[in-house]
Novice: 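The structure's right below; bear with me while I get my questions together.
No hydrogens, no waters, no symmetry mates; every other heavy atom, side chains included, goes into these values. Order of the sequence lines fixes the chain letters, A, B, ..., with proteins taken first and strands second; residue numbering starts at 1 for each chain.
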Amino acid sequence: MVQRLSRALLLTLLLPSSLLAASPVIPDNWHYRQAAWAFYLQQPEQALETLQLAKAQDPRTALLEAGLYLQLAMPQHAAVILQHLLNQDDVGDNALPRTLRNVALLQFARYQLELGNKALAQRYLAQVQIGADGQWLGEQQLLSQLIYWPDISLPETPPIRALAGQSEMPYIVSNQALALARAGQSDVALNWLNQLQQQLRVPEQRGFWALLFSGQWRSLRAPAGFIYPAAEKAALSDYVTLLKAQLHIDRQELADAEALLASFPLDSVLSDTALGLYSHILTEQRHIPSLLAVLQQQIKQQPFSLTAWQGATRLGEQLERQANFSDALAAYQWAEQYYQQQSSLINQQARPLQVSQLQQGLSDWQQLQLTEHNDLYRLSQDILTVEQQLAAAPVRQQRLQRLTQVVQFKLGQQQQLLSSRLPQLTGLAATLKQRYDDLRRQIADAEQQPLALSLTDGDTYQQLRRVEQAGQRFASIENALNSDNNYDNNYAQRLARLRGLLHWHYSDNSAQGRYQRRQQLAAISSALQTAEQQLAQLAAQGSSTERLKAQQQRLAQLSASQQQLNLTLLSQQQQLLAQLNQQLQQQRKAQLARLTELQRHNKQSMARMMERLLPAALTQAEVSR
Amino acid sequence: MKVLVCIALLFASLLARADQLPVATELEQLKQQVIQLNRELFLLEEELLFPPQTQLAVFVSADAGQFFQLDSVQLLLNDTPVESHLYTAQQWDAIKRGAIQPLYKGNIKAGEHHLTAVFVGKGPDNRDYRRAVSHTFTKAEDAVLLELQINDRSSDYQPDFVVKPWSND
């Protein structure tokens, strides 16, 4: 799916380059693809955070958000999004594609089923429309079985071929076999299970959406991508074997059941159930030596379990059935010790738990209780979830502190800018502007004169200056001598000629000089304008003080929220822990009561054996006397 | 009188219990609060640490990735190395599936800048492959977002490396 989106992106990239030259606007799926990065790296929190920053929320994004909420064990939020999605029109440009709508429908139906709303679950499931490619068919059929159980539809032949490639196929067929057995057709059921067992193989690679909602996203650790866990395949095979054994037992075909169970793998997740069934068969068949071995195996393999405790008494009972009373008495006496040992172990290991022990340091008994009781397991997981949130709090606090420091630093900078540097720079700019205006005025005045010394430069300036000085000197000499002769006239004419020559030079170059002056004035004016704009921008940044103060306030609020949240989390954790410990204590009491009951029964058996053995012992004693 | 107080306390505690949400709901609400808090923090971090006036962000994406397998990327800004990343198989797989990797985020001054990305990996026929792609841009008021795209060029069965600028408007 993500690849399809990337293809869509590539299509946009195939637009004429002229359109793309000026930084095209970021595409809508940008956040979606960034969220996908976090998701593939197994960071669902970050993926959700990225996704929620997206400006536009299309149905596809919403569906991914729902999936991420499920990954974070937040089904209620996921359900709200799914329901919102399903309430939208399923036609139009913005409609969810049929396949994705099916995903939403199936997940929402499953959620309703888990809440116990079967009618609602049925309604949403009925809306699923499987396409010709059969995608999601297995999920639909399995969910249908769960909703309608035990009234499930039963085809004439096992749908192994019809559901080929669907990972749910073994579950669907085994459920159908169970339903057949319940309907009294155990022959057909056994036949179907045999066919199923031959077909069990590793299913095909799972797609993005299937993985997202299956909760198996952790299997992404494997670099090869989506891998169906081999352990599940083994468990499925064992489950089918157990079902077959159970059916044989129901049909009183104990030898067939025994044959199946005798080779049952000991390391299977279902080995406890298999041992229970096996011991039942051996009891029925009175295979005492094998039964004793199985019972011992149960006692060893399943500590603190009712099966093992019952097994302890059953050892003696089997020996008693064989009329081996002295061994039976010894077995009962061993069982008595075993019960006492189990009682003291339970009392020892059932101490109140601390949060740190949940991660590491559970006693065997506590571990077993959490494994066997859903409520206890869920409680322990809830406590660990809260612990995770609490563990992330210091990091959040550090981020908050860092941001507070940044805001303070920026505010300090602003303060300095506004109070000292900005007035300085503004003053300097005003002085420059004033000087520029004066200069422009001077130039304008000089340009009104026929031959302005101030508008010349270089040789012309020097020559004009010398002529002017010579003229001044000549005028002073003429005044002093007060003479009017040819000598003076000659000098005056020479000076006038020189002045005329310079005037002619000046007039000849004046246009170029005026142009250069205007250019320079324009350049200075432009530079001054730029400086003024920059100053205006700086002054405008003064208004960012308000923004920074608002951010500072937000940070303070966040800090307070964080503290409040931590307190709530801590209190929640303590409540959950208290609840867990209370329920563990209830389990302890119930198990001790059961042990007491078994002990009482065992003691009665011991007494019975003693009664049987005592007369014989007395007779023997009398004989020997 | 004491009895009345006890009854009142009992009644209050019963009311409190009636108001109390189921644990699962309460936990979900707490988680949602944490998510919101993180989001707020992220937004503030963006505003304060990487304001648009100075922000430069670089991302990596790929087309099908048939002709190239990415091992590492090195990023040089104005000839100075600013970021380098070694890819795990999982990360490269994510990119090939359409994900966009946020590779670098930093602050730069206004004006002209020169970015070079050096891609190292395996090219066609599993040969060692090293290519650099450069991009010159001018930093102004808006954030600069650059996407380093690794595309498959079907014309000559070679990878193609492109720097694509985006605008955040």
Side-chain angles (χ1 to χ4, degrees), chain A residues 1-7 9-10 13 20 22-27 30 33-41 45 48-49 52-53 72-77 208 220-221 223 225 379 382 385-386 389 392 396 399-400 402-403 406-407 410 551 554-555 558 561-562 565 568-569 572 575-576 579, chain B residues 20 22-49 51 53 59-64 88-102 137 141-147 149 151-152 162 164-169:
Chain A
M1 211 293 304
V2 179
Q3 276 178 341
R4 215 160 52 207
L5 283 176
S6 78
R7 259 180 248 130
L9 175 70
L10 285 172
L13 297 180
L20 299 176
S23 294
V25 173
I26 204 161
W30 188 263
R33 293 177 67 192
Q34 273 197 68
W37 170 259
F39 169 74
Y40 284 125
L41 264 58
E45 294 97 342
L48 191 64
E49 193 179 292
Q52 288 179 344
L53 290 173
L72 294 168
M74 297 169 73
Q76 292 173 18
H77 280 81
F208 175 82
L220 271 169
R221 276 182 200 285
L379 267 174
D382 286 348
T385 306
V386 176
Q389 308 290 356
R396 263 198 304 275
R399 286 166 74 189
L400 276 166
R402 186 181 173 208
L403 288 180
V406 169
V407 170
K410 285 196 172 187
Q551 284 168 337
R554 264 168 73 195
L555 276 168
L558 281 183
S561 305
Q562 148 101 342
L565 190 63
T568 318
L569 283 168
Q572 183 75 38
Q575 281 178 29
L576 290 169
Q579 222 173 324
Chain B
Q20 222 170 28
V23 174
T25 310
E26 220 170 319
L27 267 178
E28 272 215 43
Q29 286 182 356
L30 281 175
K31 281 184 193 171
Q32 184 62 22
Q33 280 179 37
V34 173
I35 289 168
Q36 278 170 355
L37 191 64
N38 279 335
R39 194 170 58 225
E40 280 282 311
L41 254 177
F42 176 80
L43 287 173
L44 266 173
E45 276 172 345
E46 282 274 304
E47 281 176 36
L48 284 165
L49 304 180
Q53 292 85 358
F59 302 85
V60 178
S61 74
D63 188 359
T88 62
Q90 187 188 19
Q91 287 171 338
W92 176 231
D93 189 50
I95 290 178
K96 280 200 298 179
R97 283 171 182 272
I100 290 181
Q101 177 206 5
F137 60 93
E141 283 293 295
D142 294 334
V144 175
L145 309 174
L146 300 174
E147 183 183 1
Q149 292 182 344
N151 297 327
D152 283 344
V162 181
K164 182 71 63 184
W166 294 106
S167 142
N168 205 7
D169 294 334

Novice: Run the side chain to side chain contact (heavy atoms under 4.5 Å, CB included) test against Gln32(B) and tell me which residues pass, sequence neighbours left out.
Specialist: Tyr69(A), Met74(A), His77(A), Ile35(B), Gln36(B)

Novice: Can you tell which of Leu146(B), Leu49(B), Thr88(B) has the highest number of heavy-atom pairs within less than 4.5 Å of chain A?
Specialist: Leu49(B)

Novice: Taking all heavy atoms of Lys410(A) and all of Leu48(B), pick out the closest pair and write down the distance.
Specialist: NZ-O, 2.8 Å

Novice: Regarding Gln551(A) and Glu47(B), is there a side-chain donor-to-acceptor distance under 3.5 Å anywhere?
Specialist: yes

Novice: Tell me which of these, Leu379(A), Leu72(A), Leu53(A), Leu576(A), has more heavy-atom pairs under 4.5 Å with chain B than the rest.
Specialist: Leu53(A)

Novice: Return the set of residues passing side chain to side chain contact (heavy atoms under 4.5 Å, CB included) with Pro102(B) (not counting sequence neighbours), or none when no residue passes.
Specialist: Gln34(A), Trp37(A), Phe59(B)

Novice: Tell me, for Leu48(A) versus chain B, whether the close heavy atoms (under 4.5 Å) come from the side chain, the backbone, both or neither.
Specialist: side chain

Novice: Using the side-chain contact (heavy atoms from CB on, under 4.5 Å) rule, take Glu147(B) and Trp30(A) through it: C-alpha gap first, then chi angles, then the decisive distance, then the call.
Specialist: CA-CA 11 Å; Glu147(B) 183 183 1; Trp30(A) 188 263; 3.6 Å; yes

Novice: Non-hydrogen atoms of chain A under 4.5 Å away: do they reach the side chain of Leu30(B), the backbone, both or neither?
Specialist: both

Novice: Counting heavy-atom pairs under 4.5 Å with chain B, which one of Ser561(A), Ala392(A), Ala73(A) comes out on top?
Specialist: Ala73(A)

Novice: Heavy-atom distances under 4.5 Å only: say whether Gln389(A) touches chain B with side chain, backbone, both or neither.
Specialist: side chain

Novice: Leu43(B), Leu27(B), Leu44(B): which one forms the most heavy-atom pairs within less than 4.5 Å of chain A?
Specialist: Leu44(B)

Novice: Identify the heavy atoms of Gly98(B) and Arg33(A) that sit nearest to each other, and give their distance.
Specialist: O-NE, 2.6 Å

Novice: Just so I understand: if I count every heavy-atom pair under 4.5 Å between each of Val406(A), Leu558(A), Leu569(A) and chain B, which residue has the most?
Specialist: Leu558(A)

